[in-house]
Amino acid sequence: MFDSLTIKDARPIVWLKRSIATVFGLLLLIGAVSSHRAYFQVRSLDVNAPQLLTDWSVVEVAVVCSGRNRVDVEAELIQGQHAEALLNFHVPGNDLAFFDPRAQHALVSTALTKETLMHFEPGPARLRVVATGRPQWGRRPPPTVRELDVTIQSR
């Protein structure tokens, strides 16, 4: 007897249901993009330096991050057991990191001085740059590492 009766919602209720479904769908889409950005925090890491390091040689580090979290970047010159930090900086995240998909860019450079190079012997060395993101969902992303083989010129 009641099978043939269909109850229709009023027009404002239909629009309310549609708008709630639309907002829910948009939040799911934003959450999926934000999850990817939280998982892959460092998009690119480039290091540029001459192969022969002398006084006033310039080491340049370019980083592109997802903007979800702050990323720490460290550059060091390594020869045997001796290592010297050349750069140490942070790439900030976006203020509303969940909703803001814009990438953060950083380009930092430094010139090597006699004081830095005097701690090393002339010969082969390695320039290592490491970018590390922040933990998300109990997982710390693996660091992104770039290394260059360089030669330190005599003092």
Side-chain angles (χ1 to χ4, degrees), residues 16-155:
L16 180 65
K17 286 181 180 179
R18 286 182 185 169
S19 60
I20 288 174
T22 301
V23 168
F24 185 71
L26 286 174
L27 286 174
L28 282 177
L29 179 66
I30 291 169
V33 170
S34 182
S35 297
H36 182 270
R37 291 175 35 241
Y39 199 80
F40 301 104
Q41 294 178 24
V42 179
R43 292 186 180 170
S44 73
L45 175 63
D46 297 316
V47 58
N48 187 15
Q51 204 281 325
L52 184 64
L53 295 181
T54 61
D55 294 347
W56 304 110
S57 292
V58 176
V59 175
E60 187 176 78
V61 177
V63 185
V64 179
C65 303
S66 69
R68 174 69 190 225
N69 277 325
R70 185 176 93 175
V71 173
D72 300 322
V73 182
E74 298 173 352
E76 59 185 355
L77 186 58
I78 303 166
Q79 187 180 50
Q81 298 298 319
H82 183 70
E84 291 274 335
L86 301 178
L87 289 170
N88 190 353
F89 64 95
H90 310 288
V91 182
N94 297 328
D95 288 336
L96 295 172
F98 181 82
F99 293 103
D100 191 354
R102 294 177 298 166
Q104 291 290 332
H105 303 263
L107 177 63
V108 178
S109 61
T110 186
L112 299 177
T113 62
K114 278 186 179 182
E115 290 78 25
T116 302
L117 292 178
M118 70 185 235
H119 298 106
F120 294 95
E121 295 295 322
R126 179 160 289 183
L127 181 62
R128 178 182 293 156
V129 180
V130 180
T132 308
R134 298 287 176 179
Q136 290 280 281
W137 311 315
R139 172 194 173 267
R140 183 183 260 319
T144 302
V145 179
R146 299 290 181 265
E147 292 184 342
L148 283 178
D149 290 325
V150 294
T151 303
I152 299 174
Q153 191 176 33
S154 63
R155 301 176 219 171

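All values below were derived from every heavy atom in this structure, side-chain atoms included, with hydrogens, water molecules and symmetry-related copies excluded.
Within 6.0 Å of the CZ atom in Arg102, the count of heavy atoms belonging to other residues, nucleotides or ligands does not exceed 12.
Formation of a donor-acceptor pair under 3.5 Å by the Gln41 side chain with backbone atoms of Arg134 is found in this model.
Expressed to the nearest 0.5 Å, how far CD1 of Ile152 lies from CD of Glu121 amounts to 9.0 Å. Separating the NE2 atom in His119 from the CD atom in Gln79 is a distance of 12.5 Å, to the nearest 0.5 Å. Rounding to the nearest 0.5 Å gives a distance of 5.0 Å between CD of Glu74 and CG of Asn88. With rounding to the nearest 0.5 angstrom, the CD atom of Glu76 is 8.0 Å from the CG atom of Leu86. Here CG of Leu148 is found 10.5 Å from CZ of Arg146. Values are rounded to the nearest 0.5 Å.
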Let me check something: any side-chain donor-acceptor pairs from residues 42-56 under 3.5 Å, sequence neighbours excluded? List them with distances.
{"unit_1": "Gln51", "atom_1": "NE2", "unit_2": "Thr151", "atom_2": "OG1", "d": "3.3"}
{"unit_1": "Thr54", "atom_1": "OG1", "unit_2": "Ser57", "atom_2": "OG", "d": "3.3"}

Could you list the donor-acceptor pairs under 3.5 angstrom formed by side chains in residues 23-39, with sequence neighbours left out?
{"unit_1": "Ser34", "atom_1": "OG", "unit_2": "Arg68", "atom_2": "NH1", "d": "2.0"}
{"unit_1": "Ser35", "atom_1": "OG", "unit_2": "Gly31", "atom_2": "O", "d": "2.7"}
{"unit_1": "Arg37", "atom_1": "NE", "unit_2": "Ser66", "atom_2": "O", "d": "3.3"}
{"unit_1": "Arg37", "atom_1": "NH1", "unit_2": "Ala97", "atom_2": "O", "d": "3.1"}
{"unit_1": "Arg37", "atom_1": "NH2", "unit_2": "Ala97", "atom_2": "O", "d": "2.8"}
{"unit_1": "Arg37", "atom_1": "NH2", "unit_2": "Asp100", "atom_2": "O", "d": "2.8"}

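Counting heavy atoms from C-beta outward, Glu147 and Leu127 have side chains that stay 4.5 Å or more apart. Contact annotation: the side chain of Asn94 approaches that of Gln104 to within less than 4.5 Å [non-hydrogen atoms, C-beta and beyond]. Between Val108 and Glu60, the closest side-chain pair of non-hydrogen atoms is not below 4.5 Å. Looking at Arg140 and Pro135, their side chains come closer than 4.5 Å, going by heavy atoms from C-beta outward. Considering only heavy atoms from C-beta on, His105 stays 4.5 Å or farther from Val63 through its side chain. Leu77 places a side-chain heavy atom less than 4.5 Å from the side chain of Leu117. For the pair Leu87 and Val73, the minimum side-chain heavy-atom distance is 4.5 Å or more.
The closest side-chain donor-acceptor pair between Thr22 and Ser19, if any, does not fall under 3.5 angstrom.
Listed by first and then second residue, the ring pair (Phe, Tyr, Trp, His ring centres under 6.0 Å) pairs involving residues 61-97 are His82-Phe120 (not counting sequence neighbours).
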Pair Val145-Arg128, side chain to side chain contact (heavy atoms under 4.5 Å, CB included): steps then yes or no: CA-CA 7 Å; Val145 179; Arg128 178 182 293 156; 4.0 Å; yes

